[in-house]
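Only one structure is covered here, and it is reproduced in the block below.
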Amino acid sequence: MKEKFQRFMIGRYGVDELGKYSLYLTIVLLILGLFVRSRFLNGVTFLIVLLLYFRMFSKNYAQRRKENDLFLKYKNQVVRFFNKEKRMMQDRVKFHIYTCPSCGQKIRIPRGKGKIAITCPKCKNEFIKKS
Ligand SMILES: [Zn+2]
């Protein structure tokens, strides 16, 4: 049985990053489907499973790789966005973010330094703020 399967899988694309994530998505949708009885949700889940199998057994490597690259591109954008948001949240604890009144440049100033003169790195405008 295992040999038969291995022979069957020769030359086939298998699971890539996109495949892995669609598998996670199906698991989430299946669990969600236990609580929300929706034909639409079941349909979507079924379609994703179908697509997952289609891609796994596909012999068109070039096309599948292209799909995976596209997926990774968007996934990385989303990951980068959330990392940036996270960093900004952490920064807000230690830093004060001021906006330069003349050019709108955002300036990060450490908190707890009292009243200080801030020089904008972009337009050299000086203004006084409490940090
Ligand atoms: Zn400025």
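Quantities reported herein were computed from a predicted structural model and do not represent experimental measurements. Ligands are counted one by one from 1 in listed order, and the atoms in each one are counted from 1 as well.
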Sequence neighbours excluded, every pair satisfying salt bridge (Lys or Arg N to Asp or Glu O under 4.0 Å) that has a member inside residues 64-79
Glu17-Lys75, Arg55-Glu67, Arg64-Glu67
Could you go through residues 90-104 and list every donor-acceptor pair under 3.5 Å that involves a side-chain atom there, pairing it with any protein atom two or more places apart or in another chain?
{"unit_1": "Asp91", "atom_1": "OD2", "unit_2": "Arg108", "atom_2": "NH1", "d": "2.8"}
{"unit_1": "His96", "atom_1": "ND1", "unit_2": "Arg111", "atom_2": "NH1", "d": "3.4"}
{"unit_1": "Tyr98", "atom_1": "OH", "unit_2": "Lys130", "atom_2": "O", "d": "2.2"}

Side chain proximity check, Ile107 to Ile118, heavy atoms < 4.5 angstrom
yes
Identify whether Met56 and Phe8 are in the same connected component of the hydrophobic contact network (ILVMFWY, side-chain heavy atoms under 4.5 Å).
yes
Measuring from the Zn ion (ligand 1), count protein N/O/S atoms under 2.8 Å, please.
4
Once ring-ring contact (aromatic ring centres under 6.0 Å, His included) is applied, what residue pairs with a partner in residues 62-88 remain, sequence neighbours excluded?
Tyr21-Phe71
What distance separates Leu51 CG from Leu47 CG, expressed to the nearest 0.5 Å?
7.5 Å
